[in-house]
Amino acid sequence: MSGREMAWFCAYTPVEVLMAAGFRPARRFGDPHGLEAADTHLHPALCPYVRACLAQALDRRPPHHAVFVNCCDGMRRLYDAWKVLFPESFTFLMDLPRRTDYRGREMLVMEFRRLLSSLEEFADVDVTADDLRQACREYHELRLSYRRSAEGTDGSARVELAQYIQETCAPVEKVGDWGNGVPVLLTGNLLNPQGLISALQRAGARVVWADLCNGDRPFTAHEPVEGEDIPRILEALAAQYLERHPCARMVERERRYRLLLERIRECGARGVVYASLKFCDSYLYDFPQLRERLREEGIPLLRLESDYADGHAGQLLTRIEAFLEMIAE
């Protein structure tokens, strides 16, 4: 099966399409401690997650089949480097709309169709509506498996659980129970579970929901995708991906903030930790507006920055502890 493995990186990747074409989707989270290996090919002032993924690929045996989403400049640069370094492998770049209205869905359906056609040509297969419908059902069962297993699980264990399902496409059992600590909601792009998230736990925080693209966010779709034929299935699939909890890249910021506020109240979080990777423009632009929104609601907020390896996490403990002491009272 190793030759049928298809790497992916962004939470907006239509994993169901990869499965329907006969590939085993495997999300890559890279090597957080080997970033320097990618610096020959990518600028060091680029997203550390992107560099970590390339460093990991350079250390793996071929093939390096991969699907990329044009969600940011860093991911586009990763695609460019991948095509040059692994010319023998299947590589595909899918565009992603910023809007979630009818025009956005229409564009995303076109991209899903383009991806499906490329996979069919590469693998010499004809994907049927039954194939796609079955893949949608199977991946929805994995989402349900995560939600059942993550209930009562916090912090690093919660994010590692989400990563395991995305890496393996395998269901899991419940892995833990709530720990002790001050309940907080963690929001950002993508974090190393053994980095800042572990530091939060050591300081006395209990991360009850991880609004990360390698955490809870990819599992927020509630209904399985159905449809009579491939066009209708792809339309429903595109709508589902755009209706999930959005990332900061999408233009509907007010919807993102509303969903975050609802989640804060539902999970009983006493504050929000906003932690994002260095060099991420989307989250740098998003933070001031979210800060104002939370201030209006009287919700405390702590801003942290990650280089993915998080060797500096210990230096942040004093700040984290002071924040937790404030919101615990």
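Owing to the predicted nature of the structure, the values given are computational and were not obtained by experimental measurement. Side chains included, hydrogens not; waters and symmetry mates left out as well; all remaining heavy atoms used.
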Exercise for review: With sequence neighbours left out, write down each residue that passes side-chain hydrogen bond (donor to acceptor under 3.5 Å, both in side chains) with D310, or none if nothing qualifies.
Suggested key: S306

Practice item. For the pair R114 and E111, find out whether any cationic side-chain nitrogen is under 4.0 Å from an anionic carboxylate oxygen. Key: yes

Review point. Given the rule in the side chain to side chain donor-acceptor pair (under 3.5 Å) test, do Q166 and Y146 qualify, once you have shown the distances and angles that lead to the verdict?
Key: CA-CA 10 Å; Q166 293 175 83; Y146 171 78; over 6 Å; no

Check your understanding: Would a hydrophobic clustering, with Ile, Leu, Val, Met, Phe, Trp and Tyr connected at side-chain separations under 4.5 Å, put M107 with L96?
Key -> no

Point to revise | Within one Ile-Leu-Val-Met-Phe-Trp-Tyr cluster: W209 and Y257, side-chain cutoff 4.5 Å | key: yes

**Study point:** Under the side-chain hydrogen bond (donor to acceptor under 3.5 Å, both in side chains) test, residues paired with E120 that sit two or more places apart
**Key:** none

Revision key, fill the gap. Using a 4.5 Å side-chain heavy-atom cut-off and chaining through intermediate ILVMFWY residues, the residues clustered with F68 come out as F9, F29, L42, L46, Y49, V50, L54, L58, M75, L78, Y79, W82, L85, F86, L93, L190, L277, Y308

**Study point:** Under 3.5 Å donor-acceptor, Y274 side chain and Y283 backbone
**Key:** yes

Practice item. Examine distances only and state if a side-chain atom of T153 and a backbone atom of R158 form a donor-acceptor pair shorter than 3.5 Å. Key: no

**Study point:** Distance-only donor-acceptor check, side chains E106 and Y102, under 3.5 Å
**Key:** yes

Check your understanding: Around atom CD of E254, are there more than 12 heavy atoms of other residues, nucleotides or ligands at under 6.0 Å?
Key -> yes

Point to revise | salt bridge (Lys or Arg N to Asp or Glu O under 4.0 Å), paired with R51, selected from D39, D307, D31 | key: D39

Distance-only check: which donor-acceptor pairs under 3.5 Å involve side-chain atoms of residues 261-269, not counting sequence neighbours?
residue, atom, partner, partner atom, Å
E262, OE2, R258, NH1, 3.3
R265, NH2, E297, OE1, 3.1

Study note, to complete from the structure: By side-chain hydrogen bond (donor to acceptor under 3.5 Å, both in side chains), T13 pairs with (sequence neighbours left out) none

Check your understanding: Yes or no on side chain to side chain donor-acceptor pair (under 3.5 Å) for Y12 and N70, after CA distance, side-chain angles and deciding distance?
Key -> CA-CA 10 Å; Y12 284 96; N70 192 14; over 6 Å; no

Check: residues 224-238 side-chain donor-acceptor pairs under 3.5 Å, at least two apart:
residue, atom, partner, partner atom, Å
E226, OE1, R137, NH2, 3.3
E226, OE2, R137, NE, 3.3
D229, OD1, R232, N, 3.0
D229, OD1, R232, NH1, 3.4
D229, OD2, R232, NH1, 2.7

Point to revise | Any donor-acceptor N/O pair, R143 side chain to A221 backbone, under 3.5 Å | key: no

Exercise for review: For R206 and G155, indicate whether the former's side chain and the latter's backbone hold a donor-acceptor pair under 3.5 Å.
Suggested key: no

Review point. Any link between M326 and L304 through a network of hydrophobic side chains (Ile, Leu, Val, Met, Phe, Trp, Tyr) touching at under 4.5 Å?
Key: yes

Practice item. Mark yes or no for whether D154, through its side chain, and V207, through its backbone, hold a donor-acceptor pair below 3.5 Å. Key: no

Check your understanding: With the threshold set at 4.0 Å, does a side-chain nitrogen-carboxylate oxygen contact exist between D101 and R103?
Key -> no

**Study point:** Test: R303 cationic atom under 6.0 Å from F323 six-membered ring centre, within 45° of axis
**Key:** no

